Amino acid sequence: MTTNRQAHLTALASAALACAALAAGPARAGEVEVLHWWTSGGEAKAAAELKGTMQKMGHTWKDFAVAGGGGDSAMTVLKSRVVSGNAPAAAQIKGPSIQEWAREGVLANMDATAKTEKWDELLPKAIADGLKYKGHYVAAPVNVHRVNWLWANPEAFKKAGAKVPTTWDEFFTAAEALKKAGVIPVAHGGQNWQDFTTFESVALGVGGTDFYRKALVQLDTGELKGATMQKVLETFRKVKSYTDKNSPGRDWNLATAMVIKGEAGMQLMGDWAKGEFVAAGKVPGKDFVCVAAPGTAKAFTYNIDSFALFQLKDAAKQKAQQDLAATLMSPSFQEVFNLNKGSIPVRLGMKLDKFDDCAKTSAADFVATAKGNGLVPSIAHGMAVPSSVEGAIKDVVSQYWNDDKVTVAQAMDRLVGAAKGK
Ligand code: BGC
């Protein structure tokens, strides 16, 4: 009898515990606050996939979106939140900044998730190394964006009787024809990071990958003020003469919208621009065309989005964080996210059947350039140099772009100064 009663009480107790757990939601559910700057049409669709996946796992998504292409504003806001001891669970942090944040001792260790999910086997080694600090994973990647693209509106080109360019000479011939046809040749948004996105494609196309690396990654003084840089700066200024007077301050996605509508003929921008075309229902090869930026077909400027996790005390929040990290690298998420984002999966061995030709070209070129000499990091998108140097050289380039009185010689001297931290 006693035994029966005890058994009954035990059963009751476990039923009560189970009810309590149900009322509180799945045992592992936690809140995950994620800082990102994906607010344009295509970006928001991609971010919504992440939110939906986390919610399906029972977690609560707390959106911490800070508008501003390229993420400069997001990084400023992140710094103040972390300094005030109120870090989000995860933040879009990439390139050398991952190491900068890790050195501060605020990032969480992701080794356990990375081991269970086999990241070392699923990521190219060079990429995995950039996500580790002292041998431990502190960031999880989502994609590979290619920066050196040119987007064109075929209708506008038809109207102008122009050919989509593959060299800088062809670019200026096409720009002239578009102008004569009453189309704005180059859609541009005047913000530092957009100026530099164009600048690095000009540098790569005019100078080639060795020059690009020496001048802009290794910050070699001789290259920063040599004859090739002079040609790059002259070409860059010529590109500006084909932009419209309303470009200062314009957001990148509004510049893309000008190409979508045919108000402008082309835009030099990374493939997050494709996310805008796709979100607007446009079809690659028909409504828009993607080609490598002039002179850069054999090169690939990479920009890898990744998330770092911040150290948190709450166990449920920690669990949600680790689930987020595992989700980012999962095959189904890599597919649906990148279809919306315009990028390609960073996870090796993914099938690309659902991806369009721009993505397939990107994937093939990524592999080919990685085998050769053509794979280079984007400076404009935080992949190459410490953030302080990046900010300084971006300022120099934008001052030169915005003020025709700044001479090529002055710009080169300032670049050398910025590279040295002066
Ligand atoms: C990010 C992209 C983003 C773009 C425009 C880049 O730096 O890597 O994910 O779409 O900025 O905001």
Side-chain angles (χ1 to χ4, degrees), residues 24-71 73-75 77-78 81-82 86-94 107-108 110 113 117 119 131 139-145 251-253 271-281 303-312 314-347 350 354-355 359:
R28 53 191 214 131
E31 179 192 271
V32 65
E33 182 179 27
V34 183
L35 175 131
H36 62 92
W37 62 90
W38 292 332
T39 55
S40 76
E43 290 177 335
K45 282 183 94 173
E49 294 294 345
L50 185 56
K51 175 181 173 178
T53 310
M54 292 308 290
Q55 286 173 335
K56 267 186 220 138
M57 295 171 105
H59 298 305
T60 310
W61 175 269
K62 192 166 173 201
D63 204 39
F64 186 2
V66 181
S73 313
M75 287 304 104
V77 175
L78 177 65
R81 279 279 303 262
V82 178
N86 185 22
Q92 199 182 339
I93 295 178
K94 48 190 180 147
L107 298 187
M110 296 192 193
T113 306
E117 303 291 328
W119 290 2
L131 302 164
V142 268
N143 62 6
V144 179
H145 271 303
D251 286 329
W252 68 272
N253 52 319
D271 42 20
W272 44 94
K274 196 185 74 186
E276 297 303 297
F277 284 100
V278 172
N303 168 26
I304 295 164
D305 283 312
S306 52
F307 283 88
L309 306 186
F310 283 86
Q311 288 163 14
L312 297 175
D314 181 89
K317 285 187 180 174
Q318 285 173 355
K319 176 71 180 108
Q321 260 188 333
Q322 296 296 334
D323 280 354
L324 174 86
T327 297
L328 295 174
M329 273 286 286
S330 74
S332 55
F333 179 74
Q334 286 273 317
E335 181 177 271
V336 71
F337 176 84
N338 286 300
L339 282 170
N340 284 298
K341 190 70 176 64
S343 37
I344 53 171
V346 64
R347 184 185 168 113
M350 291 269 306
K354 291 198 188 143
F355 285 80

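For reference, positions follow the sequence shown, starting with 1. Atoms considered below: every heavy atom in the structure, side chains included; atoms not considered: hydrogens, waters and symmetry mates. All values reported here derive from a predicted model rather than from experimental measurement.
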Please give me the minimum heavy-atom distance between Ser306 and Pro141, naming the atom from each residue.
CB-CA, 3.8 Å
Residues in side-chain contact (heavy atoms from CB on, under 4.5 Å) contact with Gln55, at least two apart in sequence or another chain
Lys51, Trp61
Return the minimal non-hydrogen interatomic distance between Ala140 and Ala325, and the atom names on each side.
CB-O, 4.3 Å
Side chain to side chain contact (heavy atoms under 4.5 Å, CB included), that's the test. Do Glu33 and Thr60 meet it? Break it down for me.
CA-CA 8 Å; Glu33 182 179 27; Thr60 310; over 6 Å; no
Verdict with supporting geometry, Met57 and Thr327, side chain to side chain contact (heavy atoms under 4.5 Å, CB included):
CA-CA 10 Å; Met57 295 171 105; Thr327 297; 3.6 Å; yes
Could you give me the CA-CA distance, side-chain angles and deciding distance for Trp38 and Lys45, then say whether side chain to side chain contact (heavy atoms under 4.5 Å, CB included) is met?
CA-CA 9 Å; Trp38 292 332; Lys45 282 183 94 173; over 6 Å; no
Closest heavy-atom contact between Met54 and Ala320?
CE-O, 3.4 Å
N/O donor to acceptor pairs below 3.5 angstrom from side-chain atoms of residues 336-344, sequence neighbours left out:
unit_1	atom_1	unit_2	atom_2	d
Asn338	OD1	Ser343	OG	2.6
Asn338	ND2	Val142	O	3.3
Asn338	ND2	Gln334	O	2.8
Asn340	ND2	Val336	O	3.0
Lys341	NZ	His145	NE2	3.0
Ser343	OG	Asn143	ND2	3.2

What is the minimum heavy-atom distance between Ala316 and Ala29, and which atoms define it?
CB-O, 3.5 Å
Would you compute the distance between atom OG of Ser40 and atom CH2 of Trp272 and round it to the nearest 0.5 angstrom?
11.0 Å
Heavy-atom pair of closest approach, residues Ser330 and Arg347
CA-NH1, 4.2 Å
Only distances under 3.5 Å count here; give the side-chain donor-acceptor pairs of residues 87-94 to other protein atoms, sequence neighbours excluded, each with its distance to 0.1 Å.
unit_1	atom_1	unit_2	atom_2	d
Gln92	OE1	Trp37	N	3.1
Gln92	NE2	Asp305	OD1	3.2
Lys94	NZ	Asn303	OD1	2.8
Lys94	NZ	His381	O	3.2

Met329 and Val346: side chain to side chain contact (heavy atoms under 4.5 Å, CB included), yes or no, with the steps?
CA-CA 8 Å; Met329 273 286 286; Val346 64; 4.2 Å; yes
What are the two closest non-hydrogen atoms of Leu328 and Phe333, and how far apart are they?
O-CD2, 3.5 Å
Can you tell me how far the CZ atom of Phe307 sits from the CE atom of Met110, to the nearest 0.5 Å?
10.0 Å
Min side-chain heavy-atom separation Gln318-Leu309 under 4.5 Å:
no
